[in-house]
Amino acid sequence: MRKGVVAIDETGTIKGVYEETDPAVSDVKIEFYDGVLIPGFVNAHCHIELSHMFGKTKKGTGLPRFLADVMKNRDAKEKDILAKIEAADEMMYNNGIQAVGDHVNTELSAKTKADSRIKYHTFVEVMAMTKEDIQVCVDKARDIEFYFDANHASITPHAPYSCSKELFKAFRKLVNEDNILSVHNQESDEENKLYRYKQGEFLDFYKEMGLNADSFKAQARNSIQSYLAHLPKNNPLILVHNTYMSLKDIDFIERLGRDVYFCVCPKANLYIEGKLPKILNFVPNHSRMVVGTDSLASNDTLDMLEELKVISAHFSQLDFLQILPWATINGAEVLGLADQLGSIEVGKTPGLVLLEGMNNLRLTERVTLKRIA
């Protein structure tokens, strides 16, 4: 809407959206901004509790090595972890982020989230490589989930390389249909090698970390085709990263008819693997695309505008108006927050973000961001 007028109250609630010529705004004092006014961003994938790991991992090592570095170096003093969590929350708010889908393994981020101006949906990760570990790991995840907003928290399998087939199957009985799942998927080709042939760097990773992978059996197909059918069918599912997902994998998902969203985290993908997903393979259905920042262990900032700039720079076929919903309303939809944010509509509190320096709606490096509400 060119020269549109947005009316908001002191709580940030949208009270009206008008054309400039609408009589309703003829006698009202209006603040004018030079730029593009958009709703606050929705960061569909983050690990805020890893914020203390900024600068502690090496770039371009590949996922198995990156994971080993995180697991070995994530311990720190609790007060330092909490301080970095608070700083990351403030960073995201200042970067125009209004909601976050955040993965955790501890309850450490609970207080920051409870006090935050950002809406969070917390995903408590479950990892279990053997059948014997499932109940213990699920019970631990349930204990952690208790610390977070009961309406916006859920347990989820972590990733195909950290979960047994039995664990994926167990989720059919563990969760209600409103439990959103968010699974790290095909972030590395080593994951596909593991599932196809039981070969590759993940076997070295298991050995290094003292994990028992004896029960794992090669499936002669990519990971997504091996585990997806085991998960509960009716739960919303975010597949995160998808860097090495093929067209055959996408076709497999579509034939299953599941409620699946595809999340891309461009800067983290480049940091860890030096590769981006084949995003154009996903976009026949734009409403299923969402964007995340991942963590400060794999990124130098938590900034959705920077993620969109990477997408725009590498995929010139996609214009700004196509990818903007990926970072706003689509994320709000899958996180169950679309009634509150994600779009500039009456009754919502989406936050307002001004993008300055845009020429003909082109997303270049010169575009900057300012939070308005």
Side-chain angles (χ1 to χ4, degrees), residues 35-48 50-51 53-57 59-60 66 84-85 87-103 117-118 120 187 238 240-243 262-277 279-280 282-283 289-332 341-342 350-359 361-372:
V36 179
L37 202 61
I38 65 171
F41 292 117
V42 179
N43 180 358
H45 184 74
C46 190
H47 298 257
I48 198 172
L50 295 181
S51 298
M53 293 202 66
F54 176 70
K56 293 184 179 180
T57 61
K59 188 176 182 180
F66 171 81
K84 295 299 184 182
I85 288 172
D89 174 77
E90 186 69 14
M91 176 195 295
M92 286 195 282
Y93 183 80
N94 291 336
N95 286 338
I97 293 173
Q98 199 76 3
V100 178
D102 188 62
H103 282 234
R117 293 169 289 183
I118 294 173
Y120 284 91
E187 190 176 356
I238 306 172
V240 185
H241 295 301
N242 312 301
T243 318
F262 300 99
C263 180
V264 293
C265 304
K267 291 186 67 179
N269 298 148
L270 291 173
Y271 184 96
I272 297 171
E273 290 278 338
K275 181 181 174 67
L276 291 173
I279 290 178
L280 296 180
F282 302 99
V283 297
M289 294 296 297
V290 294
V291 180
T293 62
D294 213 349
S295 75
L296 287 174
S298 60
N299 208 332
D300 60 358
T301 189
L302 303 176
D303 189 335
M304 291 288 284
L305 178 58
E306 292 301 310
E307 303 295 334
L308 295 185
K309 286 179 179 179
V310 172
I311 294 173
S312 183
H314 286 82
F315 301 94
S316 58
Q317 305 92 327
L318 299 169
D319 64 42
F320 172 72
L321 292 180
Q322 286 177 306
I323 64 176
L324 178 61
W326 304 6
T328 53
I329 188 62
N330 292 3
L341 41 82
L352 293 178
V353 173
L354 181 71
L355 299 183
E356 299 177 301
M358 293 194 74
N359 184 18
L361 289 180
R362 292 184 61 198
L363 198 57
T364 66
E365 282 299 315
R366 288 179 290 183
V367 176
T368 59
L369 174 152
K370 180 188 295 182
R371 179 178 274 278
I372 302 300

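What you see is a predicted model; the values in this text were computed from it and never measured.
In summary, the side chains of N299 and E307 do present a donor paired with an acceptor at a separation below 3.5 Å, with no hydrogens or angles considered.
In this structure, CD1 in I38 is found 8.5 Å from CE in M358, a value given to the nearest 0.5 Å. Considering CG of N95 and NZ of K370, their distance stands at 14.5 Å, rounded to 0.5 Å. Going from atom CZ of F66 over to atom OG1 of T57 covers 5.0 Å, rounded to the nearest 0.5 Å. M92 CE to C46 SG: the interatomic distance, rounded to the nearest 0.5 Å, is 4.5 Å. Rounding to the nearest 0.5 angstrom, the gap separating the CG atom in D89 from the CD1 atom in I118 is 4.5 Å.
Here E187 does not pair with K275 in a salt bridge; the nearest charged N to carboxylate O distance is not below 4.0 Å.
Contact of the V42 side chain with the N330 side chain is not registered, since no non-hydrogen atoms from C-beta on lie closer than 4.5 Å. Contact annotation: the side chain of F262 never approaches that of V290 to less than 4.5 Å [non-hydrogen atoms, C-beta and beyond]. Looking only at side-chain heavy atoms (C-beta outward), F315 and V283 stay at 4.5 Å or farther from each other. Here the side chains of F41 and L369 are in contact, with some heavy-atom distance below 4.5 Å. By the 4.5 Å heavy-atom criterion applied to side chains, V367 and V36 are not counted as neighbours. The side-chain heavy atoms of H241 and H45, taken from C-beta on, include a pair separated by under 4.5 Å.
Here F54 pairs with L296, D300 under the side chain to side chain contact (heavy atoms under 4.5 Å, CB included) rule; sequence neighbours left out.
In terms of modelled atom types and a separation under 3.5 Å, the side chain of K267 and the main chain of T301 share no donor-acceptor contact. In this structure, the side chain of Q322 engages the main chain of D319 through a donor-acceptor pair within 3.5 Å.
When each of I97, T293, I48, L302 is checked for a side-chain contact (heavy atoms from CB on, under 4.5 Å) with M91, only L302 meets the rule.
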